[in-house]
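If you're wondering where the values come from, they're calculated on a predicted model, not measured in any experiment.
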Protein chains: 2
Amino acid sequence: MPLTVLLVDDEPLVRAGLRAVLSAQPDIEVVGEAADGAAVIPLVRQLRPDLVAMDVRMPLLDGIEATRAVLRSVSEPPKILVITTFENDEYVYGALRAGADGFLLKRSRPAEIVNAVRLVAEGDSLLFPAAVRRLAAEYGNTSAREAMDRAALTEREADVLRLMTRGLSNAEIAERLVVGTETVKSHVSAVLAKLGARDRTQAVIAAYESGFVSPG
Amino acid sequence: MPLTVLLVDDEPLVRAGLRAVLSAQPDIEVVGEAADGAAVIPLVRQLRPDLVAMDVRMPLLDGIEATRAVLRSVSEPPKILVITTFENDEYVYGALRAGADGFLLKRSRPAEIVNAVRLVAEGDSLLFPAAVRRLAAEYGNTSAREAMDRAALTEREADVLRLMTRGLSNAEIAERLVVGTETVKSHVSAVLAKLGARDRTQAVIAAYESGFVSPG
DNA sequence: GGATGGCTCCCCCTCATGGGGGAGACGCTC
DNA sequence: GAGCGTCTCCCCCATGAGGGGGAGCCATCC
């Protein structure tokens with residue numbers, strides 16, 4: 001059975017784009033659309049989607065209030081993926097506090113969007129790596145490392161990512177961790193998926209941008 | 001005899017900060033200040049400093065031209081340490097090509113600033129510290145200055161490295177720069193050689209560690 | 001003029017990388 | 001006990017990446 005998604009955005013163009021990107025996936029089905037937050041609750045009750053992809057800035061009822069309302073009024077609420085244009089959107093922080101499971105930038109590439117939908121639907125939290133640092137700053141007493149944990153990296157995956165940021169190859173990481181190269185490849189693939197990275201270079205960039213590691 | 005330093009920066013605040021940091025060292029003496037590049041040459045002739053700490057972006061005469069002018073017009077030129085606010089290094093690489101001996105980010109910690117001044121004054125160069133050391137080790141009796149020259153990126157190579165640090169593939173870089181992928185591969189190979197990196201991931205790491213780019 | 005260096009593009013080649021599957025062992029929770 | 005997640009390892013496969021060559025064009029410098 002496919003992954004069912006409800007789209008909520010006041011811009012028809014954005015909805016059309018998301019529908020095109022997501023419907024192209026065999027395992028994802030867009031079951032409905034809404035143009036504002038007020039229409040979300042009845043649609044969620046009626047359609048029972050696995051995930052709601054929702055803009056944070058909308059008329060009538062914004063993403064924060066809509067998220068809160070959905071979580072209150074539905075017994076088995078869908079996962080909620082908040083969509084935003086800006087990285088440093090204070091609305092995102094509010095939405096995450098209200099219970100959203102992750103957020104995504106509108107300018108993300110299609111592959112990243114699909115990846116984010118799948119990850120959040122599967123229960124992992126997802127924060128766009130470049131924004132983790134800012135969120136960590138906003139949370140104040142929360143460390144960047146803890147914010148990174150919201151991206152659901154396991155201990156071993158974090159070990160692997162750390163060695164990746166030292167420039168090690170898979171074979172060298174395997175030697176360092178005393179495991180097989182196939183194991184390292186599994187972990188690397190998991191890291192790439194969770195960070196929304198296409199290759200290890202992008203993963204290292206995400207690690208620096210997120211504060212997972214710092215220069216010097 | 002103390003290490004004599006001439007400060008050149010158009011911002012009085014920066015000069016005051018550098019003076020405070022450097023004067024606190026018993027072996028370093030700040031012998032003069034200048035607010036723009038045009039004032040550098042007469043001051044160098046008059047004061048004969050061991051080292052000039054110079055901002056790259058200045059009115060009238062920028063750091064690149066000032067560096068070139070000093071090296072041309074003085075028989076025994078001082079070491080030149082280029083200071084920059086940004087990791088966006090068009091100017092820095094221009095200055096290094098013009099003959100500067102190293103560069104430093106303004107946001108460096110005081111200890112790093114002092115260290116950089118001492119190192120450059122002693123004849124060591126600061127560029128990509130890790131890469132320079134590797135190159136020096138590889139080429140044995142090669143001086144640090146020669147190693148740095150090898151590590152001085154051309155403009156095009158800097159362009160490529162910058163796009164590498166944004167996670168782009170060779171094909172994407174080629175598209176962005178409107179050249180062929182073979183050309184990009186040539187530049188990438190040159191960048192890897194100059195940075196002492198084995199692959200693009202290590203090059204990106206070197207870029208972050210050196211301040212060529214910075215997170216956020 | 002010749003030399004140098006940067007930018008461009010081409011060939012061939014090897015191999016690490018990453019995606020697609022799957023599977024067993026272990027420890028945890030329900 | 002069953003289920004789940006993590007860690008471990010395996011297969012096949014396509015391809016991007018990087019090394020080692022070479023070459024032409026152009027600007028600058030001597």
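- The side chain to side chain contact (heavy atoms under 4.5 Å, CB included) search around A:Arg72 returns A:Arg68, not counting sequence neighbours.
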Expected string for nucleotides 7-24 of chain C under the B/S/- scheme (protein heavy atoms, under 4.0 Å, primed atoms plus P, OP1, OP2 as sugar-phosphate) is SBBBB-----SBB-----
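- Residues that satisfy the salt bridge (Lys or Arg N to Asp or Glu O under 4.0 Å) test with B:Arg45, not counting sequence neighbours, are absent from this structure.
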Is there a side-chain contact (heavy atoms from CB on, under 4.5 Å) between B:Leu47 and B:Thr4? Walk through the geometry before answering.
CA-CA 9 Å; B:Leu47 301 170; B:Thr4 55; over 6 Å; no
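- For B:Ala39, the side chain to side chain contact (heavy atoms under 4.5 Å, CB included) criterion is met by B:Ala34, B:Asp36, not counting sequence neighbours.
- What you find for A:Leu3 and A:Val117 is that their closest heavy atoms are CD2-CG1, 4.0 Å.
- Closest non-hydrogen pair, A:Met164 versus A:Ile173, comes out as CG-CD1, 3.8 Å.
- Legend: residues meeting side chain to side chain contact (heavy atoms under 4.5 Å, CB included) with A:Ser169, ordered by chain and number and at least two apart, are A:Ala171, A:Glu172, B:Arg198.
- Taken over five-pair windows at either terminus, the axes of the helix from C:dG1-D:dC30 to C:dC30-D:dG1 are inclined to one another by 40° (rounded to 10 degrees).
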